[in-house]
Structure formats: C-alpha cells, structure tokens
Amino acid sequence: MILSLAIPAMRPMVSSPVSIFLIVLAIILLAPMLLSRLKIPHVIGMIVAGIVVGPHGFNILARDMSFEVFGQVGLLYLMFLAGVEIDMYHLRKNLKKGFVFGLYTFFIPLVLGSLAGITFLKLDFLTSVLLASMFAAHTLLAYPIVSRFGLTKNPAVIIAIAGTIFTVLGSLMVLAATVGVAREGEFSFAIIGKLLGSIVLYCAAMVYVYPRVTRWFFKRYNDGIMQFIYVLVMVFLAAESAVMIGVEGVFGAFFAGIVLNRYIPARSPLMTRIEFVGNALFIPYFLIGVGMLINVRVLTTGWLTIYVAAVMSVTAMMSKWIAAYATQRTFGMRPIERSMLYQLSNAHTAVALAVVMIGYKLGIFGESILDGTVVMILVTCTVSSIGTSRASSRLKVMSLASETVVTTGAGGGKKPVNTLIPVVNPVTAVELVNLAIMMGSTQRGAGRLYALHVRNDNSPSSRAVGQNSLDVSEQVAASVDVKLKPIERYDLNFVTGVLNTIEERDINEVVIGLHRRSNVIDSFFGDKLTQLLKATYRMVVISRCYIPVNTVRRIVVSVPDRAQYETGFCRWVSAIGNLTRQLGCRVIFCCSGETRRSIEAVLRAGQYDIRSEYRLVEEWDDFILLANKILDEDLFVVVSARRASVSFTSDMDALPEFLRKYFAQNNLIVIYPEQFGEEASVPTMADALSTDMETAPSALWLKVMEYYRAGIALRKRFTHRNRRNRIDL
C-alpha cells in the first residue's frame, strides 16, 4: 500500500463532503481548459491544482480518507488501463525489447543511484541502495497523455509499459532485502525466494482462473453495467491479492489488465465505459492527491534540502535517460522513440513514496531525504508530462504520415465503406451492430453506418418494434463514439426495402443476421436472404453467433480457390483483419497456396498486426474435414461466392445444407464478397517481378503462363493423396 507523507494538522477551509466533491470536479473541469492554452499537459494541471488547494498550499481541502481511497483507486486504475489497452500482438512482438529495457532502466538507476548516494550524499551502502531503488522504479503518470493521442499501440509505448512492471518488481525486492537487513542484521535469500515463488504462483493462478471465469460471466450476463462492475471487482481483487503476497497492488492491477485484455475489445461499449470512468474521475483524483502531497516550502528550509533534492532529481532523470539511450542503441530505435521511452519512465511517485516512508519509519532515511523525495516527485512528474506531450505530438504526426502513405499507396486510395445493418428486433440488433463496428475500418472518414428496419404494415406493434430496434442500434453505436443513422422504411417487402436502401445510400456491404428456421421445409438461408443474394452484387455478411463475439477464442476462415480474383477480395480480408485485431485472438485461413500469398499481401499492406496462420485446403473434401475441427468457442467464417463468380464451384450449391447439418451449433459467419463492382488493386508480394513480366513480349508471357499452369496441375496430382492429413487446427 502507498503511504502518505506527514501533513500538518491544520483545519481546512472546506470540510463539507458536497463542497469537497464540487471543488474536485471544478478542478477536473477547469484545469485542462485553462492550461491547454498555455500548451501545458492536463496532468500537470491536476498536480498543480492539488498543490494549490492542498494542505501545503492555501489549505482549502484536507487530504482526508476520500483522497486516500480515490487516489489509490486512481493509481490502480491507471495501471489497469495500461494493461487492458496494450496490444497483445505488439506486446509479444516487443517482449524481448521490453525485457531488455526493463533491465537497463532498473540496474542503471540502481547502480548510479547507489554511487550518487555514497559519493555526493555521504550515505552508507545499505541506505544508498534503498535510495537508488526509488530511482529505478517509475510510475506511468503520463500514460493518459499517450492514450489521448491514440499511441497506446506504439512499440515504444509498449516497451515502456513492459519495462515498468520489471522495475516495480525489482524495486520491491530491493526494498524487501534492505528492510530484512535493517531488521535482522543480515541478508536472507529466503525472503527473496519466498517473494519470487509467491509471484510465480500468483501469476499462474491469474492466468488459469481469470479467463475461465470471465468467459463464463460474459456468456451468461449481457448487461453492460454488470460487465463493468465485474471488471472492477476482478481488478481490485487482483490488486488486493497482490498486496497479500507482499507485492504492490499496481502489479496486480496491471496483470489483471493483461489477462482481461483479450475479452475487452477496443471498440466496444465496455471499453468505452472503462476509459470514461477512469479518465473522468479516478485518475484525476489520483493526480490531485499527488499534488496535495507535495510541499514546495521545503525548498526554503535550508541549503541542505536543496542540495539533496538536486542530487536526487538529477540522478533519477539522468539514469533514466541513459537507460533509454542504451535501449535505443541496442535495438536501433529512432530518437523520437528514445524520447518516448525516457519520458514515460521518468516520473516517480508510487514506489518512491512507499520506499521513502518505510525507510523513514525504520530510521534509515532522515528528514533531508524525505524532503528531497517530495521535490524529486514534483520535478520528475513535471518533466515527464511535458516531455511525453511533446514526444506524443511528434509521434502522432509521423504515424499519420505513414498511414497516409499506406492508404494512398499502391491502391490509389481507399473508397469509404458504407455499411447497412437490417435489424428485425432489439435482441439481435446489439450483436449485429457490434460486429459491423468491429469489422469496419478504424480510420476517420472510413464510411457511414446505417441501421434499417423494413415494415410492410402500419400496425402500432410493428411501428413499436421497429422504433425500438433502431433506438437500440443507435445507442450501441453511440456508446463507442460511432455515428449510426437509423432508417425506418415502409416498403412492399423486406428484400425490396433493403435493395432500395442500398441504391439510395450507396451501400457497399450489408451485415445481416441469419434467420431462424420456422419449419422443417425452410431452407438454411431462408427465402429473404436467398433473394437478397441474387438481387445485389454488394458484399453480404450473414452472422449467427451463440456467444458474445468478445469471448471467441479463435477465428477459422474457409476460403475458396481463386478467391483473390474477386472484386471484393481486399474488402473481406480487411474486415477479417479488423475483427481479429479488435478481438485479439488468432485467425486461421484455410486456403490454397496462391490465395494465401494474396491474403498475406493484403494484411501486410493494411498493416494488420495480427496472429495469422494458414492451412492448405484445395478441394471440397478438405472443407468437409473442417467439421470436426471447429470448437464451440470458435468463430467459423465461410467465404462463399455467387454463381457468376470466378471462385464459384458446383460444390457450393451444397453449402447451405452442409452448414445446417454439420455446423448447426457453431458460431458462424458467411461472407459473399462484392462482385462486379469497382475493382480494387490487390497488393502482391512481388510487384517488381510483375512489372518486369508486363514488359515482356506477349508470346513469351503466354508460354511462361502455360508452363506455370502445367506445374500447378502436376503439383496437385502428386499431393492429392495426402490432402486429408493436411488440415490440423
């Protein structure tokens, strides 16, 4: 637990609970508004406001139990957000760099801090090591700034977050060892071994229990408020459990975010609620509480305090910069990434307060170290916040520039995708809207979202159901800051209403739910979907999910041969890439070798950093084998084709009956790609080679293609006998 510094027992000007809360809310509202004009980060505004209204300022508010509680909650919430917003793919990709940065940013400040304590402050070895542990650990105080800039998936940010937990654990072990020496008079490996063993058991229990309980809860309870409360309970349970084994609660909150990351998609109502409550209340409360701890008057107590504070501040910041520079040189990072690493790891609050108070109570630290720590917290927090804001703005400009190059590169620009969601009732509308949002592009100006309810009578019940469905759809979209336009339409029948809306609104794709069979002779798709597929060439996504999408463990995509030659190939691959990135799961494409290369090219061109795997499937018999490989918690995506499509085969006529027979209990999405529309250029893995081929003589090119087709046919002939053993999901 974080201990507070000693505060003078002076009666504050305001003691009424309502007045206290009013002043805090006014600070949260006005501080960013006033300081934004001065280009000062709002984090600094909260801390400065805490200094002004706190016991060491004008003594307007006392740092009572409310600030103790909300401050601790805010710190835990801050670390939880850092864990839940992190991109797990990038975390695995940069785990080695994060570990190396953690080593650098822990041991370099520990060594330099110990030398500075012995050389400049004339402290003994034990006191110097304990003092240096404050320099080694840091708090992600400036993380809200990075989050506001939308850089939570930046590799430098992920490396900094990964290194933070390493430094926190390392500092706590140093603290445990030095306290043991101070109390027992000798160093004990048993204390360190017990702590390490407890951490290992704690992490193993979290990884095993939390995913299973979370998946069960989300399947059973779909209410947004209950899911939000559940997440809070699990976070603070993890934090309290960490405290019980002798570890800081920030580690438990962060690890809970890592474990729950998989079940809270970035573009979901649950994530919106989590971010809103944290950034609007808990984290500002924590920042104001930090400011109320700082007493700038200690600078007037004498030259010794100023000297100690200067040594501590310079050593803390210089050692962190050296660690960031060493990481940059080790991995060849850019200077702006080094700046981000340094600024995020430069703030010292949580662990520094815990260490200095424990050392002060045990008599290891004196008054000068206590006052110097206060000044160091103020200096490092200020430098970290301002530096992170500047580095984030530069990184954001660079990332936007790179996105522009990718978007307007080989494809010549991306056409906005307008999505239509026909809704029949409020129950199915929620999942359809969530699916459409997750499959859509995250870039601004990516297109419009429409919800449509078609009715062919004017009865009050039909009007009420339609209006309720549209209201629910609009609320779901608004909860993730996505604009959705509701459309209520009176038309001859459902199919006619959808087709007319497609033409009127320039719709590119339709996301629709699979109907429920009402009798034995009813077909799998139903008459409405069958007529809709025949009447439009737009991309149609047919969905039927028995479990919430965010509880899906993996996505299995069945792709027909020659699918890369379809007009809508790039769009449906991008949709699967967006969905996989939102869910954080892995995707398995079952396709031919040639189609695989095209899928990889689209994912690479769109910068979809996802876990993608591929299984070789070339014949209809291989597709039948998938029936035994799809699990209840998988999402099975079937890419089909219309009759006039290049990828259509006669076997696809049996697809509806096959899905009804073998996949009746599975989560299913059937995609009919766009056909006969504006053809998008499919990126290739060898653009230079294709350019050379285009300049070759026509006769030579035809001869090369003839040999190529002969080779493909020969390969299929030799590999056909082993095809049944190739599919292993």
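Proximity of a side-chain donor or acceptor of S313 to a complementary backbone N or O of A310 within less than 3.5 Å is not detected. The backbone N or O of I86 sits less than 3.5 Å from a side-chain atom of N261, completing a donor-acceptor pair. Side-chain atoms of S339 do not come within 3.5 Å of backbone N or O of P335 as any donor-acceptor pair. Between the side chain of S385 and the main chain of T382, no donor-acceptor pair closer than 3.5 Å is present. The main-chain N or O of P265 is found under 3.5 Å from a side-chain atom of S268 such that the two form a donor-acceptor pair.
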side-chain hydrogen bond (donor to acceptor under 3.5 Å, both in side chains), that's the test. Do S171 and S133 meet it? Break it down for me.
CA-CA 5 Å; S171 298; S133 67; 5.4 Å; no
Using the side-chain contact (heavy atoms from CB on, under 4.5 Å) rule, take V168 and V247 through it: C-alpha gap first, then chi angles, then the decisive distance, then the call.
CA-CA 9 Å; V168 170; V247 183; 5.9 Å; no
Yes or no on side-chain contact (heavy atoms from CB on, under 4.5 Å) for Y263 and V231, after CA distance, side-chain angles and deciding distance?
CA-CA 10 Å; Y263 306 98; V231 170; over 6 Å; no
Kindly indicate, with the supporting measurements, whether the criterion side-chain contact (heavy atoms from CB on, under 4.5 Å) is fulfilled by F106 and L169.
CA-CA 10 Å; F106 174 72; L169 291 178; over 6 Å; no
Criterion side-chain contact (heavy atoms from CB on, under 4.5 Å) on H348 and T139, from CA distance to verdict:
CA-CA 6 Å; H348 300 74; T139 304; over 6 Å; no
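Summarising the geometry of A49 relative to I27, their closest heavy-atom pair is CB-CG2, 3.4 Å, with the distance given to 0.1 Å. Listed here is the closest heavy atom pair of G224 and R273: CA-NH1, 3.6 Å. Residues A62 and P55 come closest through the heavy atom pair CA-CG, 4.5 Å. Here the closest non-hydrogen pair linking A242 and I245 is O-CG1, 3.1 Å. Considering every non-hydrogen atom in both L78 and P144, the closest pair reads CD1-CD, 3.6 Å. V355 and F365 get closest at one heavy-atom pair: O-CE1, 3.9 Å.
Crowding of Y307 atom OH: a count of heavy atoms from other residues, nucleotides or ligands under 6.0 Å exceeding 12. Atom CZ of F228 has more than 12 neighbouring heavy atoms from other residues, nucleotides or ligands inside a 6.0 Å radius. At most 12 heavy atoms of other shown residues, nucleotides or ligands fall within 6.0 angstrom of atom CE in M244. With a 6.0 Å radius and a threshold of 12 heavy atoms from other residues, nucleotides or ligands, R394 has its CZ atom at or below the threshold.
Counting heavy atoms from C-beta on, the side chains of T315 and L115 never come closer than 4.5 Å. Annotation: side chain of V157 is in contact with side chain of M340 (closest heavy-atom distance under 4.5 Å). Residues L130 and I364 are in side-chain contact: their nearest non-hydrogen atoms beyond the backbone lie under 4.5 Å apart. Residues I386 and Q343 have side chains not in contact (no heavy-atom distance under 4.5 Å, counting atoms from C-beta outward). Counting heavy atoms from C-beta on, the side chains of I51 and M292 never come closer than 4.5 Å. Taking the side chain as every heavy atom from C-beta outward, N346 and L141 never approach each other to under 4.5 Å. Using a 4.5 Å cut-off on side-chain heavy atoms (C-beta onward), V235 and V84 make no contact. Contact of the L131 side chain with the L121 side chain is registered, since non-hydrogen atoms from C-beta on lie closer than 4.5 Å.
A search for ring pair (Phe, Tyr, Trp, His ring centres under 6.0 Å) contacts involving F99 returns F166, not counting sequence neighbours. Applying the salt bridge (charged side-chain N to carboxylate O under 4.0 Å, His left out) rule to R334 yields the partners E337; only residues at least two apart in sequence or on another chain are considered. By the ring pair (Phe, Tyr, Trp, His ring centres under 6.0 Å) test, Y325 pairs with W321, sequence neighbours left out.
Expressed to the nearest 0.5 Å, how far OH of Y342 lies from OG of S319 amounts to 8.5 Å. Rounding to the nearest 0.5 angstrom, the gap separating the CD atom in Q72 from the CZ atom in F67 is 15.0 Å. One finds the CG atom of L175 at 4.5 Å from the CD1 atom of I358 (value rounded to the nearest 0.5 Å). Taken to the nearest 0.5 Å, the CG atom of L30 stands 12.0 Å off from the CD1 atom of I23. Rounded to the nearest 0.5 Å, atoms CG (L344) and CG (L151) are 10.0 Å apart. Expressed to the nearest 0.5 Å, how far CE of M312 lies from CD1 of I369 amounts to 5.5 Å.
L61 pairs in a side chain to side chain contact (heavy atoms under 4.5 Å, CB included) with only one of the listed residues (V14, V52, I288), which is V14. Residue K97 is tested with T330, I159, I158 for a side chain to side chain contact (heavy atoms under 4.5 Å, CB included); the sole match is I159.
Counting only residues at least two apart or in different chains, side-chain hydrogen bond (donor to acceptor under 3.5 Å, both in side chains) contacts with residues 105-130 comprise T105-K320, D124-T127. The side-chain hydrogen bond (donor to acceptor under 3.5 Å, both in side chains) pairs that include a residue from residues 148-168 are H138-T164, where partners are two or more places apart or lie in different chains. Sorted by first then second residue, the side-chain hydrogen bond (donor to acceptor under 3.5 Å, both in side chains) pairs that include residues 275-290, not counting sequence neighbours, number zero.
T388 and Y143 form no side-chain donor-acceptor contact under 3.5 Å, judged by distance and modelled atom types alone. Remark: the T214 side chain and the Y230 side chain contain an N/O donor-acceptor pair separated by less than 3.5 Å.
Ring pair Y77/F80 is perpendicular by interplanar angle, where above 60° counts as perpendicular and below 30° as parallel.
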